[in-house]
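Everything below concerns the one structure shown next.
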2 protein chains.
Amino acid sequence: MSKSEKREEIVRAALEIIAEHGFHGAPIAMIASRAGVGAGTIYRYFANKDILIAALYQEIEERLYPFILRGYEPARPIRERFLHLGAALLRYCIENPLDFRYVEQFHNSPYGAALRRARLLGEGGERETFRALFEDGISQQVVKELPVTVLCALAFGPIFAVVRDHILDFTRVDDALMAKTVAACWDGIRR
Amino acid sequence: MSKSEKREEIVRAALEIIAEHGFHGAPIAMIASRAGVGAGTIYRYFANKDILIAALYQEIEERLYPFILRGYEPARPIRERFLHLGAALLRYCIENPLDFRYVEQFHNSPYGAALRRARLLGEGGERETFRALFEDGISQQVVKELPVTVLCALAFGPIFAVVRDHILDFTRVDDALMAKTVAACWDGIRR
DNA sequence: GTGTCCGGAATGAATATTCATTCCCTTAGC
DNA sequence: GCTAAGGGAATGAATATTCATTCCGGACAC
């Protein structure tokens, strides 16, 4: 196994185990054994567990953004743009349940709270795209005049909730249901 | 301090600390000291930490349901009923952020996953009220024809997301914004 | 005086992290 | 081409810490 393969194995094992069992249920020893390396080896690639956790989060972000923005055309009408982003986000989460679970775990941990707070002040990667979309929508009077944070809640809250149900096997989400869900989110934010 | 006061103090301390720091950041010793009792005393009231955690969850449920159902009239029109329940839920969470944070932590832990699964099969306390409302709405053709789980996602997803933002101080939620938020949720589920 | 309840130190299990040792690949010498 | 030395990477047993749970001496009620 080459050096970079090894790093990749470690990250993959950590993703799987943490997504499935949470941060508590993911001791280094378990991650190491799943990755097929020694426990000490992990510390050759990551200074400590926290840094591994943060690095993994960042890797997921870097997979998610390009996926969502593929084919996105900022010149199209608001509604169309929203449907594109919403559907892409929903699809990514459904197709990458481990990533989704991991990000959820992360946000619900001390790591996440700090990060979200930092994001709010500085610019967040994808956040800017959505913020621009909503502000465009408000000024064109096609979106409700609400704080952007509330519009985000109306748009993403249901999407993530649906993904959770899908992962827990409460709802079977197919293409048709994805489209209907995103359309309903649009109904929530449009004037 | 009387016996029942002591129990109450323990529960209150556990709620505060777990809501704020999560299950990991809430060792028994810390809960005990916040409650003003010895660590061993907690085990006189709760057989172990898991049982304390579960009991606390149940207490919160038992506060929440009556609050939401106060003044609820199942004979009124669908829309009105939804606005009542949604507003009550949102208000409860805003006014009792510790309860909200605790329940979120709980749902995102191994305890919660098992519980949600059990709920899905058997009857869940308040769940029945909402299920009945949505099914009524569908049969009266005022609510979108979607799985009840998806309707729940559309209705509650945004509410909880707004509460999260409020607690993190990202959004200041007053009465007016609460009403607008719930109304927007209605737009999401209505035909 | 006896029994009940408390407190908080003691215990032992679980876990992150360290580090002395081993392993293996590259390269230099012949 | 073959062997040996050197060095960086990997290892996993040992360590230190954290934490739930237990236990026992003492305080208090009656």
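Protein chains get the first letters and strands the later ones, always in sequence-line order, with residue 1 at the start of each.
For the salt bridge (charged side-chain N to carboxylate O under 4.0 Å, His left out) condition, the pairs that include at least one residue of residues 20-41 of chain A, sequence neighbours left out, are A:E16-A:R34.
In this entry the distance linking CD1 of A:I42 with P of D:dG12 reads 12 Å, nearest Å. The distance from atom CZ of A:R44 to atom C1' of D:dG7 is 11 Å, rounded to the nearest whole Å. One can place CE of A:M30 at 17 Å from P of D:dG12, the figure rounded to the nearest angstrom. Atom CD1 in B:I10 sits about 12 Å away from atom C1' in C:dC5, given to the nearest Å. Computed from coordinates, the B:R7 CZ to C:dC5 P distance equals 16 Å when rounded to whole Å.
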Kindly give the atom pairs (protein nitrogen or oxygen, nucleotide nitrogen or oxygen) under 3.5 Å for nucleotides 17-20 of chain D.
unit_1, atom_1, unit_2, atom_2, d
D:dA20, OP1, B:K49, NZ, 2.4
D:dA20, OP2, B:I28, N, 2.6

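The side chain to side chain contact (heavy atoms under 4.5 Å, CB included) check on B:R172 picks up B:H166, B:D169, with sequence neighbours excluded. Scanning for side chain to side chain contact (heavy atoms under 4.5 Å, CB included) contacts around A:L133 gives A:Y72, A:I78, A:R81, A:F82, A:L85, with sequence neighbours left out. In this view, A:T171 and B:T149 satisfy the side chain to side chain donor-acceptor pair (under 3.5 Å) rule, not counting sequence neighbours.
Taking every side-chain heavy atom of B:A39 into account, C:dG8 is the closest of C:dC6, C:dG7, C:dG8.
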Which atom pairs, donor and acceptor, lie under 3.5 Å between side-chain atoms of residues 183-191 of chain A and protein residues at least two apart or in another chain?
unit_1, atom_1, unit_2, atom_2, d
A:D187, OD1, A:R190, NH1, 3.1
A:D187, OD2, B:K144, NZ, 2.8

May I have the step-by-step check of side-chain hydrogen bond (donor to acceptor under 3.5 Å, both in side chains) for B:H107 and B:Y57, ending in yes or no? CA-CA 10 Å; B:H107 278 141; B:Y57 180 78; 3.2 Å; yes
